[in-house]
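Everything on this sheet refers to the single structure shown next.
Reminder, nothing fancy here: chain letters follow the sequence lines and each chain counts from 1. Quick caveat: nothing in here was measured; it's all calculated off a predicted structure.
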Number of protein chains: 2
Amino acid sequence: MAVTMNDVARAAGVSLKTVSNVLNDYEFIRPATKQRVQDAIAELGYEANLTARSLRSGKTRMLGLVLSDLSAPYYAELASRLMKAASQRGYRVLVEQSDAVADVEVNALQGPFRQLTDGLLFTPLVMEADEIAARLGKKPLVMLGEHILDPRFDLVTMKNEEAAATLTTHLVADGRRRIAVIGAHPEESGGTAGLRLNGYRRALEKAGIPFDPALIAPCEWRRDGGAAAVAGLLDRGVEFDAAFGLNDALALGAMHELLIRGFKVPEQVAVAGFDDIDEARFASPSLTTVSPGMAEIADRSIALLIDRIEGQETADQGVHVEAGFQLQVRESAP
Amino acid sequence: MAVTMNDVARAAGVSLKTVSNVLNDYEFIRPATKQRVQDAIAELGYEANLTARSLRSGKTRMLGLVLSDLSAPYYAELASRLMKAASQRGYRVLVEQSDAVADVEVNALQGPFRQLTDGLLFTPLVMEADEIAARLGKKPLVMLGEHILDPRFDLVTMKNEEAAATLTTHLVADGRRRIAVIGAHPEESGGTAGLRLNGYRRALEKAGIPFDPALIAPCEWRRDGGAAAVAGLLDRGVEFDAAFGLNDALALGAMHELLIRGFKVPEQVAVAGFDDIDEARFASPSLTTVSPGMAEIADRSIALLIDRIEGQETADQGVHVEAGFQLQVRESAP
DNA sequence: GGCATCTTCTGCAACGATGTATCGCAGGAA
DNA sequence: TTCCTGCGATACATCGTTGCAGAAGATGCC
């Protein structure tokens, strides 16, 4: 079997507890003793049993990350960064894909998944604030990139509305007047889609351009959704000189459909997205988009969650962090 | 604190072990007793403590997945599928990003990460077969999609060589004679890159086209690597009428560079990739590529690993699975 | 010298589950 | 009646670690 603390203790001629103390950096240990224990550890190749430690301490040093689908480029990159940030503070990340299914979200919040983790990074797609609050246990939870702005929860997000307004203003400055929005309902106002749509409307208003609900095309937030939405607009005879995909996948799907149908991008229709995934830079034409400061989102949310776990952050109300953003002007909408 | 088995036992008026027996589907329990225990569990909202169970049983019901970088589209999609497949058999997947750093790979193999998991899905990028064999513990390990074809290891991969040959033959059939390869060294023969290069060479040979090392452009397997490799070829004055990116990211980067420089794709230069990531379908022009049967790879590798863990697969030698593939002909290389 | 305090180390219990051994009680065979 | 077998349930030890309480010796202070 594996080497245990008992074996180390025997080899070093000290008690079990002394070995434990050495491992946990207990203050009062004679240097000579400490050395003897460390030598024994090295010689036997001892490694602490994390399961036993977890059982005893009640901590797993794992963070849960709940998102809809890891294969979406934005989430893949975010997960990758979160893992790296967590690892720097000695934590691991366990991912749960909800597929936007309510049951899975609920289970992540209070089921076995919760048990395995010391805290949660949560991207709720189905559950509402009250429901979450009701099922929220004692372990810390940080909301990620989503719309639920509620004093009960910590939240790390970006300036969705402001960024969408900036992007829209950029399109308007280029002379675009009929800007289609891909991925929202005309009446939407909550959620990521709603916030970005609000920014769009605010920018139009400021420019004195009337809002036309016919330009708003709802669809699934995937490449094929974006393509289908544009197809729908064109088939309905809706005219537009720009398309604003509420994320890059939507924009790229939309652009693809436009190019297939023989439209010139950006000459006839400008296309812009949101998220600045790696792919946006390498699309043809390259995609104008908003870079959401993902590094900042990842670092801040990990820091906040771990500070909550370790009791270094004690604010009664939810802490709200808004990461900055940057407009990335590229070929698709100069 | 949380409800324990002891609380349930007391509530149901039975012993601790009887509760355990009910939970583990022990055969000889009177239906009435079983019912009483189940009622108590439901009433108290008892949930088994996974950590305690792990400590006692030595199993965590977690699988480790070691790959270079989760933000690479291929790996993101693979990870997503692996998680879903694992979850169907009651396992979770814990991801470790190696960034192709040797230390991280070694640690994943024998460090704390190994301890947390019952088995490993391993994509070695740095370590060699002998090194892996030397550090391999007792827990099952399945190699994933990589080149190490060794009787000591289980391996799930795809027909890399055959697929690359098929793709090359397709390009040749379209009249291409000078096909650049993006992402390999001319002398390479092992590893994913080597296998695909072998397929390329075999197809050329069969068509009676001489192999020209000048057409082989090594680079990092990322979009920007592909772009840089093509830039290098063009700047060196190497002429070619097709570019075969050894994965889709490379091909898309290459295509981007070609389009920027005013080349017509596919009229002047055809472009083809490998992996059929979602993005390939929505690129402009859409990318001809090889679809590696990822669903099959994910399902088979999870099945194999779990069968090893649970003792249902007992072959002494490594089991080798080769998933099928499909040529996806699209606009970039008709 | 006597007492309090600090340093260094130890032993025991506990975290919450499962494995092993065992026990009482039926019912059937001898 | 006695012995045996199988069912249904139990008690106790155990997995490897950490928290708590305390012991023994060294040191400081009056």
Between [N] ([atom2]) and [X] ([atom1]): distance, integer Å:
{"X": "L50(B)", "N": "dA17(C)", "atom1": "CG", "atom2": "C1'", "answer": "11 Å"}
{"X": "N24(B)", "N": "dA17(C)", "atom1": "CG", "atom2": "P", "answer": "11 Å"}
{"X": "N49(B)", "N": "dC15(C)", "atom1": "CG", "atom2": "P", "answer": "11 Å"}
{"X": "L55(A)", "N": "dC15(C)", "atom1": "CG", "atom2": "P", "answer": "9 Å"}
{"X": "R30(A)", "N": "dC9(C)", "atom1": "CZ", "atom2": "C1'", "answer": "9 Å"}
{"X": "D25(B)", "N": "dG19(C)", "atom1": "CG", "atom2": "P", "answer": "13 Å"}
{"X": "E47(A)", "N": "dT17(D)", "atom1": "CD", "atom2": "C1'", "answer": "15 Å"}
{"X": "K59(B)", "N": "dG19(C)", "atom1": "NZ", "atom2": "P", "answer": "12 Å"}

Query raised in the report: Just how large is the angle between the end axes of the helix from dG1(C)-dC30(D) to dA30(C)-dT1(D), five pairs per end, to 10 degrees?
Result: 60°

Going from [atom1] on [X] to [atom2] on [Y], what distance comes out if it is rounded to the nearest 0.5 angstrom?
{"X": "T123(A)", "Y": "L125(A)", "atom1": "OG1", "atom2": "CG", "value": "7.0 Å"}
{"X": "E96(A)", "Y": "N107(A)", "atom1": "CD", "atom2": "CG", "value": "8.0 Å"}
{"X": "I309(A)", "Y": "Q312(A)", "atom1": "CD1", "atom2": "CD", "value": "10.5 Å"}

Please tell me if [X] has a side-chain N or O lying less than 4.0 Å from either OP1 or OP2 of [N].
{"X": "R53(A)", "N": "dG16(D)", "answer": "no"}
{"X": "Y46(A)", "N": "dT17(D)", "answer": "yes"}
{"X": "R56(B)", "N": "dG19(C)", "answer": "no"}
{"X": "T33(A)", "N": "dC9(C)", "answer": "yes"}

Query raised in the report: Can you tell me if E322(B) and T157(B) form a side-chain donor-acceptor pair at under 3.5 Å?
Result: no

Query raised in the report: Any luck finding a side-chain donor-acceptor pair between N6(B) and T4(B) under 3.5 Å?
Result: no

**Report entry** Pair R152(B) + D130(B): basic N to acidic O under 4.0 Å
**Finding:** yes

Requested in this report: Mind listing the residues from residues 4-21 of chain A sitting with a heavy atom below 4.0 Å of DNA chain D? Number order is fine.
Outcome: T4(A), M5(A), L16(A), K17(A), S20(A)

Query raised in the report: Between the main-chain N or O of K139(A) and the side-chain N or O of R114(A), is there a donor-acceptor pair closer than 3.5 Å?
Result: yes

Report task. Would you kindly compare R36(B) and S57(B) by the position of their nearest DNA chain D nucleotide and give the one closer to the 5′ end? Result -> R36(B)

Query raised in the report: Contact class for I29(A) (heavy atom, under 4.0 Å): base, sugar-phosphate, or nothing?
Result: sugar-phosphate

Solution key, residues 46-63 of chain B side-chain donor-acceptor pairs under 3.5 Å, sequence neighbours excluded:
{"residue": "N49(B)", "atom": "OD1", "partner": "T51(B)", "partner atom": "N", "Å": "2.8"}
{"residue": "N49(B)", "atom": "OD1", "partner": "A52(B)", "partner atom": "N", "Å": "2.9"}
{"residue": "S54(B)", "atom": "OG", "partner": "L50(B)", "partner atom": "O", "Å": "3.0"}
{"residue": "S54(B)", "atom": "OG", "partner": "K59(B)", "partner atom": "O", "Å": "2.9"}
{"residue": "S57(B)", "atom": "OG", "partner": "R53(B)", "partner atom": "O", "Å": "2.7"}
{"residue": "S57(B)", "atom": "OG", "partner": "K59(B)", "partner atom": "N", "Å": "3.2"}
{"residue": "T60(B)", "atom": "OG1", "partner": "M62(B)", "partner atom": "N", "Å": "3.2"}
{"residue": "T60(B)", "atom": "OG1", "partner": "L116(B)", "partner atom": "O", "Å": "2.8"}
{"residue": "T60(B)", "atom": "OG1", "partner": "D118(B)", "partner atom": "OD1", "Å": "3.2"}
{"residue": "R61(B)", "atom": "NE", "partner": "G90(B)", "partner atom": "O", "Å": "3.2"}
{"residue": "R61(B)", "atom": "NH2", "partner": "R89(B)", "partner atom": "O", "Å": "3.3"}

Query - Note, V95(A) side chain near L67(A) side chain (heavy atom, < 4.5 Å) - result: yes

